[in-house]
Amino acid sequence: MKSDRRGSWYLLTGAILGVAMGLVYSWLISPVKYVDAPPYALRADFKDEYRALVAVAYMYSGDLLRAEGRLAQLKDENTAQTLALQAQMALANDRPEEEVRALDDLAMALGGGVIPANTSTVSTPQFTSIPASSQLSPTPLIMETSVGLTPTLPITPTVSNVLLQISTHTPQPTPTVTPSPTPGAPFVLQESHMVCNTNQLTPLIQVEVRDAAGQPVPSIEVFVTWPAGEDHFFTGLHPEINLGYGDFSMTPDVVYSIHLSSGGQAVSDLVASECVADDGSRYWGSWYLVFAQP
Amino acid sequence: MSRWTKFLIAVVLGAAGGLFYGWVVNPVEYVDISPTSLRMDYKADYALMVAEAFQADNDLGLAVRRLALLGNTTPTDIVTNALDYGQQHAYAAQDLTLLQSLGEALLKWDPKLEIPTP
């Protein structure tokens, strides 16, 4: 009769104990291991490395489709914007100039800019499931005897003839066509007008830089000077507006001059001016300047 | 059936439920993995990108540092594995040539000649 009073609580106790043991085992002792992870699961800094590598590889091949396919694996919300932002960060962090340029160029190409004419004939590798054999039987590299190197890797006689065939000619780098601005061509002021926007309370100097093809150019440094000082900003920091766009907050009644770091036409006598709203109220307008290569 | 038997059955069922929840319903998620954990096809493509970049910059030290992200194996082994994978999955001849070229360059690479990066 004593056991009847205890009821079936021991079953619930056992189940809870079992669940706890199961969770401890599955979460702590033997958690799920991701050994075949996709690139989008990479840590943020590795994703940056990955993007930079895609961009540099694109500089070589000029294959935009392939670059797009590779970047798609990262599942960025806006690939061009992410690349542009990374280019700006790279610039600010003194990363190699080539990397910054590569990121910029790829961002421009993906953002609807110039697409290199020499889309390569290289096929895009298909991401497929891995046959076990590819992991278990790595094929040693074959040394090309004509190169005159002393092989340090084991050479096995089971290597296919394909490799021997391709190793008998020297790979020729594909000429790289980049969508960068024409070197040396100065940017000239193409357009300049006041912008009255009731949502923009602070007066701005808004600069947009375009290349000869009319495509936005990020990472252009713009110097701003005024009687009491000077400052600078870069285009491309607002990719959501335009990859070639940058702006600077003006102080009313101060006269500004600007010029681009890459040379070209300077613009002076920029002063914040007032706009009149529909209800008669006044607010500050902004200057919108468009520079372009001829 | 004795009380102990029922208790053990409850424990086993509970453990099965816990394992199912921990492994299937809500498994541990790795969102910040390193390239070492990438699937083999992505690793091969990563090595191919390094080979393409090497053709562009001709910087073998940089290529080695990039390959080093893929794990503790030697750069040569990484490229060899990528080459093997590319061969088995019908990569374009040009891609295989790029990997081969990088592999051959790596055989000449002497880490002692590398200027350490601060």
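Every value quoted in this text rests on a predicted model; they were computed, and no experiment measured them.
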* Portion of A/V54 that has a non-hydrogen atom of chain B nearer than 4.5 angstrom -> both
* Do other residues, nucleotides or ligands put more than 12 heavy atoms under 6.0 Å from B/N72 CG? -> no
* Asked: Are any of the side-chain heavy atoms of B/E52 and A/Y58 separated by less than 4.5 Å?
  -> no
* Asked: What closest approach, in Å, do A/S26 and B/G18 show between heavy atoms, and which atom pair accounts for it?
  -> OG-O, 3.7 Å
* If you round to the nearest 0.5 Å, how far is OG of A/S8 from NZ of B/K6? -> 7.0 Å
* Plane angle bin for A/Y50 and B/Y46 - parallel if under 30°, tilted between 30 and 60°, otherwise perpendicular -> tilted
* Decide yes or no for A/W27 and B/Y21: does some side-chain heavy atom of the first lie under 4.5 Å from some side-chain heavy atom of the second? => yes
* Roughly how far, to the nearest 0.5 Å, is CD of A/E49 from CZ of B/R65? -> 10.0 Å
* So do the side chains of A/Y10 and B/W4 get within less than 4.5 Å of each other, counting heavy atoms only? -> no
* Asked: Do the non-hydrogen side-chain atoms of A/R43 and B/I33 ever get within less than 4.5 Å of each other?
  -> no
* To do: Could you tell me whether A/Y25 atom OH has more than 12 heavy atoms of other residues or ligands within 6.0 Å of it?
  => no
* To do: Evaluate the side-chain proximity of A/Y60 to B/L98: yes if any heavy-atom separation is below 4.5 Å, no if none is.
  => yes
* What parts of residues 11-23 of chain A touch chain B if we use heavy atoms and a cut-off under 4.5 Å? -> A/L11, A/T13, A/G14, A/A15, A/L17, A/G18, A/V19, A/M21, A/G22, A/L23
* Asked: Taking the side chain as C-beta and beyond, is there a heavy-atom pair between B/L38 and A/P38 under 4.5 Å?
  -> no
* Do you know the tightest heavy-atom contact between A/L53 and B/A53? -> CD1-CB, 4.0 Å
* Would you indicate whether the side-chain heavy atoms of A/R66 and B/L48 approach each other to under 4.5 Å? => yes
* Any A/V56 side-chain heavy atom under 4.5 Å of B/R66 side chain -> yes
